[in-house]
Amino acid sequence: MDTQSKIEIAGLRKQFGDLVVLKDINLSVDEGQVVALIGPSGSGKSTLLRCINLLVTPNGGQVRVGADSFAFGPGTKLPGTRALANFRAGTGMVFQHFNLFPHMTALGNVMEAPVTVRGKSKAAAREHALALLAKVGLADKVDEYPSRLSGGQKQRVAIARALAMEPDVMLFDEATSALDPELVGEVLGVMQKLASEGMTMVIVTHEIAFAREVADRVIFMRDGVVVEEGPARQVIDAPSEAATQAFLGHFHRGGAAQPVTGAAS
Amino acid sequence: MYQWDFAFLWSYRWLFLNGLGVTVGFTVAIVGFGLVAGLAAALAKLSAFAPLRWLAHAYIEVFRCTPVLVQLVWFYYALPIMSGIEISAITASILALSLYGGSFYAEIIRGGIVSIDPGQPEAAAALGMTPFQAMRRIILPQALKRMVPPLMNQSIIQFKNTSLVSVLAVPDLLYQGQIAAHDSYRPLEVYSAVAVAYFLLLFPLTIIVRQGEKKLSTSD
Ligand SMILES: Nc1ncnc2c1ncn2[C@@H]1O[C@H](COP(=O)(O)OP(=O)(O)OP(=O)(O)O)[C@@H](O)[C@H]1O
Ligand SMILES: [Mg+2]
């Protein structure tokens with residue numbers, strides 16, 4: 001395996017029952033790189049992202065993030081809950097529907113994992129959490145419960161919550177898809193800032209313009225395989241595969257990309 | 001025309017208080033043990049280990065689908081014959097009523113846990129929490145809020161069910177009432193007083209539960 005890259009996926013396979021969702025996926029992401037995963041609904045983008053932090057257990061292949069690597073398939077032992085938890089603590093994930101903890105304030109959400117998982121002192125966790133909430137522009141919302149925050153604010157808290165574990169990589173699964181159009185910008189802004197600070201990121205997105213702008217590489221998936229990958233502008237402006245051309249044809253050129261098919265995501 | 005006379009009840013006050021103490025003590029015991037049994041059965045039923053799930057399922061259905069009075073009598077008369085171990089009426093009563101309550105608590109607790117959005121444990125796992133940490137810090141605190149009113153309701157039913165132990169001659173409030181009724185030949189006054197005593201204890205509790213429910217429904 002290439003030891004330079006931050007994330008290395010080799011021969012990854014996943015099926016749910018008889019449905020094969022990922023077929024032999026190979027992927028490597030260098031430190032500080034931003035990779036955008038695009039593709040039609042059901043192509044396996046979320047499943048691939050969830051395999052990177054092992055929220056979904058692959059049926060075969062290898063997954064490495066930083067120095068931790070796991071192999072899957074016949075004859076390999078599944079990692080135990082401890083090993084899994086340790087592994088996941090080093091990767092941050094942001095979900096389409098935020099998944100904030102509703103019984104905790106914004107500050108409580110961000111402090112929770114450092115205190116519970118890392119055993120950090122409350123005072124130190126609080127200080128770090130306040131700094132992170134300020135960084136995502138929510139210094140004035142630290143004591144609010146999620147139910148009193150807008151979608152954009154919720155997603156920014158969720159980003160701060162993931163960052164609180166000081167992850168090596170950040171995974172975003174359609175972080176802006178559940179937001180009203182006028183709130184998308186504030187979340188993309190935070191993601192762009194993270195990218196410019198050198199965070200290694202894998203982003204599943206339908207924001208084609210954002211992917212073109214921020215990502216170093218774009219990967220187009222369909223039916224569980226990588227159809228095309230390359231430098232963001234090259235894949236988006238001049239896709240070489242017919243399937244990629246057809247998919248990108250569904251998006252308006254330029255402006256905020258919206259799928260015109262209205263496919264459920 | 002029947003001449004009501006409640007004054008004589010005063011001379012039985014210690015008997016009644018005694019019975020009341022036994023009733024309240026029994027309630028505390030069977031609610032406590034019942035919650036432990038219920039939580040264990042709920043977690044077993046949610047377990048990834050199939051035999052544990054079947055065991056919990058069998059326990060819950062057996063106790064929910066047989067009358068509690070039959071369970072009480074069975075534990076007192078049949079269990080000793082089967083197991084060869086003598087058990088006192090009090091032990092049999094606590095065992096039967098706790099397990100009976102536990103089977104209902106289990107479904108309430110399980111229902112509370114599964115009602116939590118799966119995105120919650122997923123977010124907890126993504127942050128590096130173990131399943132145990134996620135249960136304790138994320139799922140149970142949210143589920144508890146939804147579980148408390150039905151758990152309180154079930155506990156009120158448990159309170160009333162303690163009156164059944166009088167059939168095994170456990171000296172609870174109802175049993176002491178029977179003694180006083182035989183002794184005074186005034187069952188009308190005695191049983192009315194017993195009913196009033198249960199009511200005075202339970203009615204305030206139901207009001208508390210209802211207010212709790214109202215508060216929860218507005219806070220969500
Ligand atoms: N837990 C699961 N059990 C069974 N099938 C699943 C599960 N998760 C995903 N699938 C199936 O796997 C396929 C790929 O799903 P996935 O969510 O990875 O697609 P996606 O590319 O993220 O799509 P979308 O753009 O709609 O989010 C779909 O057919 C989906 O129905
Ligand atoms: Mg998806």
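In what follows, chains are A, B, ... by sequence order, proteins preceding strands, each numbered from 1. Note that the coordinates shown come from a computational prediction; the quantities given were computed from them, not determined experimentally.
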Please check this pair: side chain of B/Gln133 against backbone of A/Thr116, looking for a donor-acceptor N/O pair closer than 3.5 Å. yes
Sequence neighbours excluded, the answer for side chain to side chain contact (heavy atoms under 4.5 Å, CB included) partners of A/Ala158 is A/Leu100, A/Gln155
Counting only heavy atoms not in B/Arg210, do more than 12 sit closer than 6.0 Å to its CZ atom?
-> no
Honestly, the part of A/Arg50 sitting under 4.5 Å from a heavy atom of chain B is side chain
A/Phe16 meets the ring pair (Phe, Tyr, Trp, His ring centres under 6.0 Å) criterion, sequence neighbours left out, with none
Exercise. Counting only heavy atoms not in A/Arg148, do more than 12 fall under 6.0 Å of its CZ?
Worked result: no
State whether the number of non-hydrogen atoms from other residues, nucleotides or ligands found under 6.0 Å of B/Phe33 atom CZ is greater than 12.
no
Any chance CZ of B/Arg13 has more than 12 other-residue heavy atoms, nucleotides or ligands included, within less than 6.0 Å?
yes
Smallest heavy-atom separation, A/Asn53 atom then B/Ala126 atom, equals ND2-CB, 4.1 Å
| Neighbour count above 12 (heavy atom, 6.0 Å) for B/Tyr12 OH | yes
Should the heavy atoms of other residues, nucleotides or ligands under 6.0 Å from CD of B/Glu61 be counted, would the total exceed 12? yes
For this session: Flag the pair A/Glu112 / B/Leu127 as yes when at least one side-chain heavy-atom distance between them is below 4.5 Å, and no otherwise.
Result: no
Residues passing the salt bridge (Lys or Arg N to Asp or Glu O under 4.0 Å) test with B/Lys45, sequence neighbours excluded, are B/Glu107
*So with a 6.0 Å cut-off around CD of A/Glu197, is the heavy-atom count from everything else above 12?*
yes
By residue number, those in residues 102-111 of chain A with heavy atoms under 4.5 Å from heavy atoms of chain B are A/Pro102, A/His103, A/Met104
All heavy atoms of A/Arg161 vs all of B/Ala123, minimum pair found to be NH2-CB, 3.6 Å
B/Ala125 and A/Leu55 have their tightest heavy-atom pair at CB-CD2, 3.8 Å
B/Glu122 vs A/Met93 side-chain heavy atoms within contact, under 4.5 Å | no
Pair count under 4.5 Å, heavy atoms only, with chain A: among B/Gln142, B/Arg136, B/Met129, highest is B/Gln142
Exercise. With no hydrogens and no angle check, is any side-chain donor or acceptor of A/Asn99 less than 3.5 Å from a backbone partner on B/Gln120?
Worked result: no
If one checks every heavy atom of A/Phe95 against chain B at 4.5 Å, the contacting part turns out to be side chain
From the list A/Ala89, A/Ala85, A/Pro114, the residue making the most non-hydrogen contacts under 4.5 Å with chain B is A/Ala85
